[in-house]
Q: 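This structure is in structure tokens; I'll ask about it shortly.
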Number of protein chains: 2
Amino acid sequence: MKGKIFIIEDEASIIQLVQHNLEKEGFVVSSSLNGNEGLKELKKFEPNLLLLDWMLPDLSGIDICKNIRRDSNFKSLPIIMLTAKGEEEDKIKGLESGVDDYVTKPFSFNELSARIKAVLRRSDPKVVANELIFEDLKLDRTEKRVFRSDKEIQLGPTEFRLLEFFLTNPKRVYSRDQILETVWPNNVNVESRTIDVHIRRLRQSINIEGKKELIRTVRASGYSLI
Amino acid sequence: MKGKIFIIEDEASIIQLVQHNLEKEGFVVSSSLNGNEGLKELKKFEPNLLLLDWMLPDLSGIDICKNIRRDSNFKSLPIIMLTAKGEEEDKIKGLESGVDDYVTKPFSFNELSARIKAVLRRSDPKVVANELIFEDLKLDRTEKRVFRSDKEIQLGPTEFRLLEFFLTNPKRVYSRDQILETVWPNNVNVESRTIDVHIRRLRQSINIEGKKELIRTVRASGYSLI
DNA sequence: TTAATTTGTAATATTTCTGTAACATTAAGA
DNA sequence: TCTTAATGTTACAGAAATATTACAAATTAA
């Protein structure tokens, strides 16, 4: 999991292309084909970044943008605008209304991907960082290795993703549902108690002799990385 | 594959000369005749080095340069500027704007080639190195030989390329898809499980008595050179 | 051309991981 | 303190991923 991205775009083909490729890169992606519903879903989804089409059937991209900026919970949500060629003049207006970057259609996926990473690197480095560190715990994404106090730890794929998830937001408590949504592949149905077992496995692996427990149970709420 | 080079240059004859010769030396080369398109293609191509003409019909070389330096994904892309004689005064300006070296036209291919290698040697030695070395493993590109602890090892062509690939980025985990994309000739369709078999063959060849395993399996992710 | 090597795939074996259920323990409120 | 709900722990069977093998087709060398 590298982070969550939401897409509001009325061309299904674009959504499909972008969503598929972003998921391949490890992002969790959700999308909507129109503005009003998109806004609602977005706020539920809590993405790390929004890809927003300029021209939508109902709301204009700029209205969505303004709405988001007015909402204190999403004031600083990074937004990348997708504009069609020839909307050049609007660009400046777009940037003024709080857009972080824009990409003109048609674009290659690589171009978009590069922009996304650049924006995320500025706004929320943890999302794209290669090394996630918390106290004496270190996770290396490209090497797929985990260390506790410089001692390497072996984790199964699920435990790895679970730890990666916690490391992108240490101290924050996540409910079992939230964990399921982001750590497990979409549309997989597992018992919520299954998470307890994985938490146990993760704890067992990362708790080394003499070092303190790193995963905190918050009764009736979920778990957090201390 | 020694690395990828992109050329932005409006004289087709120069592109032809340079591209052909670079390809003969084992580089993968792509090019564009104008600035704006070049920029886009370049970002898609992800080269290890850029040859950039100073004077272009649309964008000036220096603008391209600045654009690239602003893009965090290409901040450190080495650039060699191609300038016409008499543009001497501009040279300093060019170097200030983040150019790594420049070559004045007309130039001989050998001169250019030497500069390219010098710049790559500084910025990304693995790309041009003739010998790739990792621990007690050594691969000689020109002689096409592989040694483990000074003992020569025979590899088939595919295993050779596979090992070369791993050696350019030790420790990094590659998915089967990534391996396919880079190690196999373009647009060849092979089962992703086929890679397992080649990994096995490679392992069998490079694992000599008493020495440790060098290829790591990362379940659900791929393989890496330890 | 023939022989030798290399390649890709399919079939099978082996290993590792996952989810669940069952039972144990703990924490919080009555 | 007792009760109950939530979490911890364990073991295990089935699933999923990888390893291994064998073989036929393709390529290269002789």
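Order of the sequence lines sets the chain letters (A, B, ...), proteins ahead of strands, with each chain counted from 1.
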Q: Check whether the side chain of Arg201(A) and the base of dG19(C) form a donor-acceptor pair under 3.5 Å.
A: yes
Q: Any donor and acceptor pair, going by atom type alone, linking the side chain of Asp100(B) with main-chain N or O of Val119(B) inside 3.5 Å?
A: no
Q: Would you kindly give the NE2-to-P distance between His198(A) and dT7(D), to the nearest whole Å?
A: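 His198(A) atom NE2 is separated from dT7(D) atom P by 17 Å.
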Q: Taking CZ from Arg193(B) and C1' from dA10(C), how many angstroms apart are they, rounded to a whole number?
A: 12 Å
Q: Apply side chain to side chain contact (heavy atoms under 4.5 Å, CB included) to Phe147(B) and Glu131(B), showing your working.
A: CA-CA 11 Å; Phe147(B) 301 86; Glu131(B) 288 193 341; over 6 Å; no
Q: On the nucleotide dA6(D), are OP1 or OP2 found under 4.0 Å from the side-chain N or O atoms that Arg176(A) carries?
A: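 Negative; the distance criterion is not met.
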Q: Determine yes or no for a side-chain-to-main-chain donor-acceptor pair under 3.5 angstrom, with Asn48(A) supplying the side chain and Leu120(A) the backbone.
A: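 Side chain of Asn48(A) to backbone of Leu120(A), a donor-acceptor pair under 3.5 Å: no, none is there.
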Q: Is there a side-chain polar atom (N or O) of Arg200(B) under 4.0 Å from OP1 or OP2 of dT21(D)?
A: yes
Q: When the distance from CG of Asp196(A) to P of dC23(C) is rounded to whole Å, what number comes out?
A: 18 Å
Q: Regarding Ser221(B) and Arg176(B), do their side chains bring together a donor and an acceptor under 3.5 Å, going by distance alone?
A: no
Q: Report yes if a side-chain nitrogen or oxygen of Arg203(B) is closer than 4.0 Å to either non-bridging phosphate oxygen (OP1 or OP2) of dA19(D); otherwise report no.
A: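 For dA19(D), OP1/OP2 do have a side-chain N/O of Arg203(B) under 4.0 Å.
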Q: Are the aromatic ring centres of Tyr174(A) and Phe165(A) under 6.0 angstrom apart?
A: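 Yes, ring centres under 6.0 Å apart.
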Q: Distance under 6.0 Å and angle within 45° of the ring axis: does Lys4(B) meet both against Phe45(B)?
A: yes
Q: For Tyr102(A) and Arg115(A), test the side chains for any donor-to-acceptor distance below 3.5 angstrom and give the result as yes or no.
A: no
Q: Please determine, by modelled atom types, if Ser32(A) and Glu37(A) share a side-chain donor-acceptor pair under 3.5 angstrom.
A: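 There is no such pair between these side chains.
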Q: Please confirm whether the shortest side-chain N or O distance from Thr217(B) to OP1 or OP2 of dT18(D) is below 4.0 Å.
A: no
Q: Is there side-chain contact between Leu52(A) and Ile80(A), with heavy atoms separated by less than 4.5 Å?
A: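 Not in contact.
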Q: Answer with base, sugar-phosphate or nothing: what part of the nucleic acid does Thr194(A) contact at a heavy-atom distance below 4.0 Å?
A: base
Q: CG of Asn207(B) versus P of dT20(D): gap in Å, rounded?
A: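 My rounded result for the distance is 10 Å.
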Q: Could you state the CD1-C1' distance from Ile195(B) to dT18(D), rounded to the nearest angstrom?
A: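 Interatomic distance, CD1 of Ile195(B) to C1' of dT18(D): 13 Å.
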Q: Atom CD of Glu191(B) and atom C1' of dA11(C): how far apart are they, to the nearest Å?
A: 13 Å
Q: With 3.5 Å as the limit, what N/O pairs link the protein to nucleotides 13-15 of chain D?
A:
none

Q: Minimum heavy-atom separation for Ile226(B) and Arg145(A), please, with both atom names.
A: C-NH2, 3.0 Å
Q: Under 4.0 Å between any heavy atoms, over every strand shown, what does Tyr223(A) touch: base, sugar-phosphate, or nothing? Just pick one.
A: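 Sugar-phosphate contact only - Tyr223(A) comes under 4.0 Å of backbone atoms but never of a base.
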Q: Let me know, please, whether Val218(B) or Gln204(B) comes out on the 5' side of the other along DNA chain D by nearest nucleotide.
A: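 Final value for this comparison: Val218(B).
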Q: Nearest heavy atom decides the nucleotide; on that basis, is Val190(A) or Trp184(B) closer to the 5' end of DNA chain C?
A: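 The residue mapped nearer the 5' terminus is Trp184(B).
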Q: Could you tell me how far apart Leu180(B) (CG) and dT9(C) (C1') are, to the nearest whole angstrom?
A: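 That distance rounds to 14 Å.
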Q: Can you measure Asn189(B) atom CG to dT9(C) atom C1' for me and round it to whole angstrom units?
A: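 Answer to the nearest Å: 14 Å.
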Q: Show me, range against range, the stems involving DNA chain D, built from at least 3 consecutive Watson-Crick or G-U pairs below 3.5 Å.
A: C:1-30 with D:1-30
